[in-house]
2 protein chains.
Amino acid sequence: MVREIPDVVIQRLPQYLRAVRSLKDKGASLVNSKELGIESDVTPAQLRKDLSYFGKFGKQGNGYRVETLLKDLIRILGLDHSWPVILIGVGRLGNAILTYPDFTPEGFHVQSAFDSDPKIIGTEVSNITIKPVSSMEQYIIENKIEIAILAVPGESAQDLIDSLVESGVRGILNYAPITPKVPNHIQIQTIDPVHALQSMTFYLAENRIHQ
Amino acid sequence: MVREIPDVVIQRLPQYLRAVRSLKDKGASLVNSKELGIESDVTPAQLRKDLSYFGKFGKQGNGYRVETLLKDLIRILGLDHSWPVILIGVGRLGNAILTYPDFTPEGFHVQSAFDSDPKIIGTEVSNITIKPVSSMEQYIIENKIEIAILAVPGESAQDLIDSLVESGVRGILNYAPITPKVPNHIQIQTIDPVHALQSMTFYLAENRIHQ
DNA sequence: CGATGTGAAGCGTTTCACAGCA
DNA sequence: TGCTGTGAAACGCTTCACATCG
């Protein structure tokens, strides 16, 4: 059973994890693929197919045990231990990220933050003292950091990405408004609200004409 | 030429727009699909195919005129006029969004913001006085608002989404950590950093075993 | 002659439909 | 009997390869 698992399937797993948690909170102990599908906004067939890439989790004729499926999803996603994370860029957005309460319970611990602005270096945000970005590479190597969050202006982003990759970071959550270039073995995801809004307006403008 | 345009193509258009702008800033006046492809991280064939859904933009044997392609992309995406936007939720994240400088130059004007917290209502952020969320529906109707940004906790998000849709909003940028349910004709995009990190760790955990 | 625009082939994902199992 | 797990069919997207045209 060493089939290649499609990327799209991996992208949906966190959605399933959230759905299972939500159903558990509602007191369910057994759910079927239809209920899970509604909660995660996919068809029942797709949910079953997706899970089947990782093994057999359900009881035929019954459904899935919420408790075990939750544990299995957490294990599959590698979330059964906490991941240390660093933040680069502590401007307005970086500040919001440092005080964002949802990373830690979900398995991510922002343990250090860096900036290039002398006015910001040395200040404290959420119990973290901001370090100079010049010390970033060494910190990554010494602490074996694998995940970085990048919240800097577009102009400096690609250089910092190169630097992160060279230091050994393998996963980057990029908030800079650029199309980043990284080697194939690096995981990168760009969060870009402007991009999201701009593809919406295509449909909004289009429908306006048709009505 | 009334082919159905795939969603994935629409999602890539803002990327092309950014690539063209970037090449224009570098002084280019004529680009070919290879250069544009590198800048937007797609294959030249895909770029040409994607553009072909909207007409013919290039000169055979030459490439694309930067100036006209830029104008065409802006027109296609419906960004040739500014879109009024409202923000719901002015907590840590909402504050960062209100002070985020990139929406306005890209065609979006956050013209009003709402919250349910009496301590926040009436305060001013970026020249905007925060209004009570109870006045949101009326505001949307009176000002014909079509786009809303939602930055509230997960618990209240779905109710607010329903309320936005009922008031006439057709596009929602959702920052709440939920899987939202909306009618088919509504455009919604969810921005979820935790989700992005959680699908990364699958690959990071997997590769760790293999090495 | 060189790069676009595009049918057609190739490939990957989703959906179907049912065998198999609790 | 009911729902999972899954081959196979259907569908949609990407890539190819070349006719076309400036």
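We name chains A, B, ... by the order of the sequence lines, and we start the count at 1 in each one.
The distance from the CG atom of A/Leu51 to the NZ atom of A/Lys49 is 12.0 Å, given to the nearest 0.5 Å. If you take OH on B/Tyr175 and CD1 on B/Ile191, they are separated by 4.0 Å, rounding to the nearest 0.5 Å.
Ion pairing of A/Arg18 with B/Asp192 is present here, as a side-chain N (NZ or NE/NH1/NH2) and a carboxylate O approach within less than 4.0 Å. Between B/Arg12 and B/Asp50, at least one side-chain nitrogen of the basic residue sits less than 4.0 Å from a carboxylate oxygen of the acidic one, meeting the salt-bridge criterion.
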Problem - Audit row: A/Glu39, A/Ser22, side-chain hydrogen bond (donor to acceptor under 3.5 Å, both in side chains) steps and yes/no - result: CA-CA 8 Å; A/Glu39 195 68 22; A/Ser22 163; 2.9 Å; yes

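In terms of the salt bridge (Lys or Arg N to Asp or Glu O under 4.0 Å) criterion, residue partners of B/Glu106 (sequence neighbours excluded) are, by chain and number, B/Arg21. Every ring-ring contact (aromatic ring centres under 6.0 Å, His included) that B/Phe103 has, sequence neighbours left out, goes to B/Tyr100. Listed by chain and number, the residues in a ring-ring contact (aromatic ring centres under 6.0 Å, His included) with B/Tyr16 amount to none (sequence neighbours excluded).
Atom CG in A/Asp7 sits about 11 Å away from atom C1' in C/dG12, given to the nearest Å. As a whole-Å value, the separation of A/Asp50 CG from C/dT13 C1' is 10 Å. Distance, B/Asp72 CG to C/dT4 P: 15 Å, rounded to whole Å. The distance between atom CD1 of B/Ile10 and atom P of D/dG12, rounded to the nearest whole Å, is 16 Å. Rounded to whole angstrom, the span from the CZ atom of A/Arg65 across to the P atom of D/dC3 amounts to 18 Å. Atom CG in B/Leu69 sits about 13 Å away from atom C1' in C/dT4, given to the nearest Å. Rounded to whole angstrom, the span from the CG atom of B/Leu47 across to the P atom of C/dT4 amounts to 9 Å. The CZ atom of B/Phe54 sits 17 Å away from the C1' atom of C/dT4 (whole-angstrom rounding).
Proximity of A/Ser52 to A/Phe57: side-chain heavy atoms (C-beta onward) are nowhere separated by under 4.5 Å.
Closest to the side chain of B/Val8, from the set D/dC13, C/dT6, C/dT4, is D/dC13.
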Any protein N or O atoms within reach of nucleotides 20-22 of chain D? Criterion: under 3.5 Å, listing atom names and distances.
from	atom 1	to	atom 2	distance (Å)
D/dT20	O2	B/Gln60	NE2	3.0
D/dC21	O4'	B/Gln60	OE1	2.8

Enumerate all atom pairs, one protein N or O and one N or O from nucleotides 15-17 of chain C, separated by less than 3.5 Å.
from	atom 1	to	atom 2	distance (Å)
C/dT15	OP2	A/Thr43	OG1	3.2
C/dA17	N6	A/Arg48	NH2	3.4

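Between A/Gln11 and B/His195 the shortest heavy-atom distance is O-NE2, 3.0 Å. Counting all heavy atoms, side chain and backbone alike, A/Ala113 lies closest to A/Val90 at CB-CG2, 3.9 Å.
A heavy-atom distance below 4.0 Å to DNA chain D is reached by these residues of residues 11-35 of chain A, ordered by number: A/Asn32, A/Ser33.
A close approach under 4.0 Å does not occur between any side-chain nitrogen or oxygen of A/Tyr53 and OP1 or OP2 of C/dT14.
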